[in-house]
Engineer: 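First the structure, which I've put down as structure tokens, then a few questions once you've had a look.
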Amino acid sequence: MKRKLVMVGNGMAGVAFVEQLLKLNPNKFEITIIGAEPHPNYNRIMLSSVLAGDAEMKDIVLNDWDWYRDNHIMLHVGHTVTQIDSAKKTVHTDQGLAVPYDELVLATGSLPFMLPLPGADKEGVIAFRDIKDCNTMIETSRKYKKAIVIGGGLLGLEAARGLLNLNMEVSVVHIFNFLMERQLDPTGSKMLQEELERQGMKFLLEKHSDTIIGKKRVTGLRFKDGTQEDADLIVMAVGIKPNVQIAKEAGIEVNRGIVVNDVMETSVPSIYSLGECAEHRGIVYGLVAPLYEQGAVLAKHLAGVETKGYAGSVLSTKLKVSGVQVFSAGRFTDEPGTKALRVQDDLSGIYKKVVFEGGKVVGAVLFGDTSEGSKLFSLIRSGEDYAGREREVLFGKEGGGGSSSTADLVEAMSGDEIVCGCNGVTKDTIIEAIKDKGCVSLGEIKACTKASGSCGGCKPLVEQILASTLGEDNVKKVKEGICGCTELSRDEVVESITRMKLKTSKEVMHVLEWRNPEGCSKCRPALNYYLGMVFPEEHEDELESRFVNERNHANIQKDGTFSVVPRIYGGVTTPEELKRIADVAGKYDVPLVKITGGQRIDLLGVKKEDLPNMWRDLDMPSGYAYGKALRTVKTCVGNTFCRFGTQDSIGMGIAMEKRFERLNTPAKVKLAVSGCPRNCAEATIKDLGVVAIDGGWEIYVGGNGGTKVRAADLLTKVKTEDEVLEWTGAYLQYYRETANFGERTSEWLQRVGLAHIKEALADQGERQALVARIDKTLDLMKDPWQQIIESDDLRKAFDSLTANSPDSASGGGLNAVQGALAEKPQAE
Amino acid sequence: MADIHIGHLSDFADRRARTVQWDGTEWAIFLLSDGTFRAIENRCPHKAGKLSEGIVCDHHVYCPLHDWKIDMNDGQVQAPDTGCVSSIEVIHHEATGKIFLRTESVGLKQTS
Ligand code: SRM
Ligand SMILES: Cc1cc2nc3c(=O)[nH]c(=O)nc-3n(C[C@H](O)[C@H](O)[C@H](O)COP(=O)(O)OP(=O)(O)OC[C@H]3O[C@@H](n4cnc5c(N)ncnc54)[C@H](O)[C@@H]3O)c2cc1C
Ligand code: SF4
Ligand code: FES
């Protein structure tokens, strides 16, 4: 008979332990997991990335529903365990379930600590702990503007960064004078603060919160010093407290956390605990790495494998805020008996501090450049003696030259040393994945062992282990497939399309052995683009793979209506055109007519079935406001009227828009032309911007005014309008041919490098060849609105069908019925 | 047997949908690549996105607004999101090419 193992808590520590246990002894236990959250186990760490818009919810699931089923784990989600009856060896849930156990594991994690301020129960006051909180923040950001984060630690800053990305104004309130005081020394902390202020965060330091004000919903926060700050949302990130209630009530020894010994046993027989709810040798951990170590020990203990037991962990942390590199580990404060090696370079914004005690590295702080983080962390753990040659740690053997390399470091690591702290993966496990399981890329190692899958800090180490195990040449360069359907990269897919002359998405997915035979919403539009880019003439555009807006040639709105933006070249219109737009807006009862940020007019809230008729009445070309395509060419007045204008920016802009309209691109492309360096058309935050100067034009590229604002780089200066068109055509075609689908020029340029692009376009022959290729594509493009107006077949897709009263026509032919909705299929 | 006639095979395009109002509900009727049909309520459980405008991959549709993935066989939203949409049976009368909705087959929303 299998023994019954019941685990309370379906979180990171608990499920990682179950995974270990299944590896060691898959058949010993009948496992039941009870979890309060209505989700499978997900990567809580990544909530910060989800909030920041760098990952989606679906990317963070660690064990999907299938995993539980495949491993025969009984899972009860949405159940909270309310009572442990240790005499009868049974747990009870709030939904009335009673589950008997032989062994019980408590992995209940922790609860966010909510400051007991008056008003803390108001709407809009939340913590940052789970998917629900994350969704609340995302939703709040759609309706409200001002957020306060209380707590300037790791979690608070990640929450604040996410809220900034969601376009909220964010103030971080902290009781100390220094941010992240538990991970950084004052110097590092001030550098961090400056960087975050630059990113738009506001700080209220040394502020003691007093009262949360507002009626039903929060409207602000008052401090003890009498000042106050407005807020529509308050996120408390002031700490966590171990979730010990049920253990306490069951008479299990609880101090700060549930007290456990070195094999994670509690004071009550057959009950174990691990994770953030457990207290080991007086310490409660709040990061995943130690929790995984605990899980490995408990798994061994329960599987009957010998273990030395858990002896506590050294901690390292990395702040997951883009554009900010912060690493800290061990004991990094100056104490009696410690000496520190410091490097501070204000010019490059780099700060490094390594703390020694008796010649051994005991702690480190890195800001600005964290590439040495994993090395330092491993030195802390290995305790290697550097007495008398401490400088080598940062400066290498020669004193001034490069520091000791990652290669040496990996070489020196012992097999059971942990490489990926977040997932507890040792060097041996990684080598085994390479040698026995045939992993040849970082992605495969990640899939196989989870190493580098969470915070990513150990990537350089994993890559080095891969290179030294396989030999540099046999390593597949960082290969992440274009979506979950394939492991092939964008370049490999495009190369295969070109080489094997694949002409349809179906062929591509078939020949390249896609995992999902019809792809997914990520790869289908991408393949359609690549095919059209490689074979403009032969490839037939696949409407069913186009995103809604591009299929309907209008932007879908949140209520399912659409918006219509006709082309207004260079932002220049005429009274006749304006009258026509006004008439159409009146005739079709358009709810909102708006001047857009792109110098044209948007008719919003149009019913789908009205679109074709409106287009006909407008009698203007599509402005492609919906497409991965050329959007607008913004212009300023220029020398036509402006007293500073040096060139005809309007004329140049119109010529560019006429030349490149309808062009399909990997992501939307926006151009602008300014008549002088005052730059009223904002040309330097465009994908390509032209700025007139006396006697010529400057061409700027790779700018962006959207989510990640980026000033464009100067590509070149030219004399004539024809040259502007030639460089623009060549640049756009080079982007079309080499960028990933969905990648704006600003990201693409940063990925491939400005120097590389300059080199590719340096030769006039090359430029002309690129222009010839772009012309081939442009020649084939027709105005989509016109096409739809003219084709009954295309137009009919805009109408809905009508339901006729009950009909008996099917009465006789039921045998011929086919394709009916099948009976509920077996779960997949 | 109350079947509602809604159109003809030729009204449908591969992996695209048409909509129809019936009984106070807007339905999205999809033609899949294997030639079979599915019909589900044209309202995403997330924020009421028009599922008829989504990208269809086998028997799944991705909502055009925020990319939730819905299995048209049982109306279930796929993990990590949760929810369900109603579905109704579609009859394709091969001899005539006529398409019907089978009215008594409406699958009620299940909560999950
Ligand atoms: C209509 C307009 C706002 C306005 O009323 O002014 C607009 C509306 C939308 N923008 Fe925009 N953007 C508009 C100018 C801009 C600008 C300013 C500009 O073009 O000069 C920017 C910043 C410049 C830039 O792109 O570098 C801008 C940056 C974005 C972004 C962020 C892009 C990025 O790379 O970070 C998105 C999201 C995306 O594309 O994924 C976006 C997406 C959208 C979408 C299409 C959202 C969507 O996917 O449904 C909006 C459609 C609204 C609707 O329901 O119809 N919009 N959007 C502007 C149309 C200009 C036009 O005439 O075509
Ligand atoms: C936004 C964020 C960012 C983070 N970033 C990092 C990072 O970069 N690096 C790092 O190392 N750590 C990070 N952490 C911390 C890390 O996520 C936690 O240390 C880890 O998740 C703890 O695992 P656990 O299993 O102990 O608890 P949890 O993952 O919280 O799991 C406990 C589960 O038990 C459930 N539960 C509790 N009580 C009951 C009950 N009575 N009945 C049923 N179920 C119950 C809870 O609902 C929960 O799902 C971060 C945390 C957050 C919130
Ligand atoms: S129009 Fe642009 S900025 Fe405005 S809400 Fe929509 S996407 Fe955001
Ligand atoms: S409305 Fe469907 S995913 Fe948001």
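A quick note: this is a predicted structure, and the numbers were derived from the prediction, not measured. Within every chain, numbering begins at 1; the chains are lettered A, B, ... in the order of the sequence lines, protein sequences first and strands thereafter.
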Engineer: Taking C-beta and beyond as the side chain, do S521(A) and F547(A) meet within less than 4.5 Å on heavy atoms?
Structural biologist: no

Engineer: Parallel, tilted or perpendicular for Y68(A) and W65(A), by the 30°/60° rule?
Structural biologist: tilted

Engineer: For the interface with chain A, which of D58(B), V56(B), T96(B), N42(B) has the highest count of heavy-atom pairs at distances below 4.5 Å?
Structural biologist: D58(B)

Engineer: Using non-hydrogen atoms and a 4.5 Å limit, figure out which bit of K608(A) sits close to chain B: side chain, backbone, both or neither.
Structural biologist: side chain

Engineer: Go through the atoms of R16(B) and report whether side chain, backbone, both or neither lie under 4.5 Å from a heavy atom of chain A.
Structural biologist: side chain

Engineer: Roughly how far apart are R38(B) CZ and I88(B) CD1, rounded to 0.5 Å?
Structural biologist: 14.0 Å

Engineer: Does the ring of F741(A) carry K628(A) above it, NZ/CZ under 6.0 angstrom from centre and within 45° of its axis?
Structural biologist: yes

Engineer: Please classify the contact between T802(A) and chain B as side chain, backbone, both or neither, with a heavy-atom cut-off of under 4.5 Å.
Structural biologist: backbone

Engineer: Any heavy-atom pair between the side chains of R524(A) and C57(B) that's under 4.5 Å?
Structural biologist: yes

Engineer: If you count heavy-atom pairs within less than 4.5 Å of chain B, which of L801(A), D793(A), I556(A), I60(A) leads?
Structural biologist: L801(A)

Engineer: State plainly whether the residues R546(A) and E53(B) are in salt-bridge range, i.e. N to O under 4.0 Å.
Structural biologist: no

Engineer: Would you mind telling me which of S33(B), G7(B), A13(B) has the largest number of heavy-atom pairs within less than 4.5 Å of chain A?
Structural biologist: S33(B)

Engineer: For E139(A), which atoms come within 4.5 Å of any heavy atom of chain B: side chain, backbone, both, or neither?
Structural biologist: side chain

Engineer: Could you look at D559(A) and say if it's the side chain, the backbone, both or neither that has a heavy atom under 4.5 Å from chain B?
Structural biologist: backbone

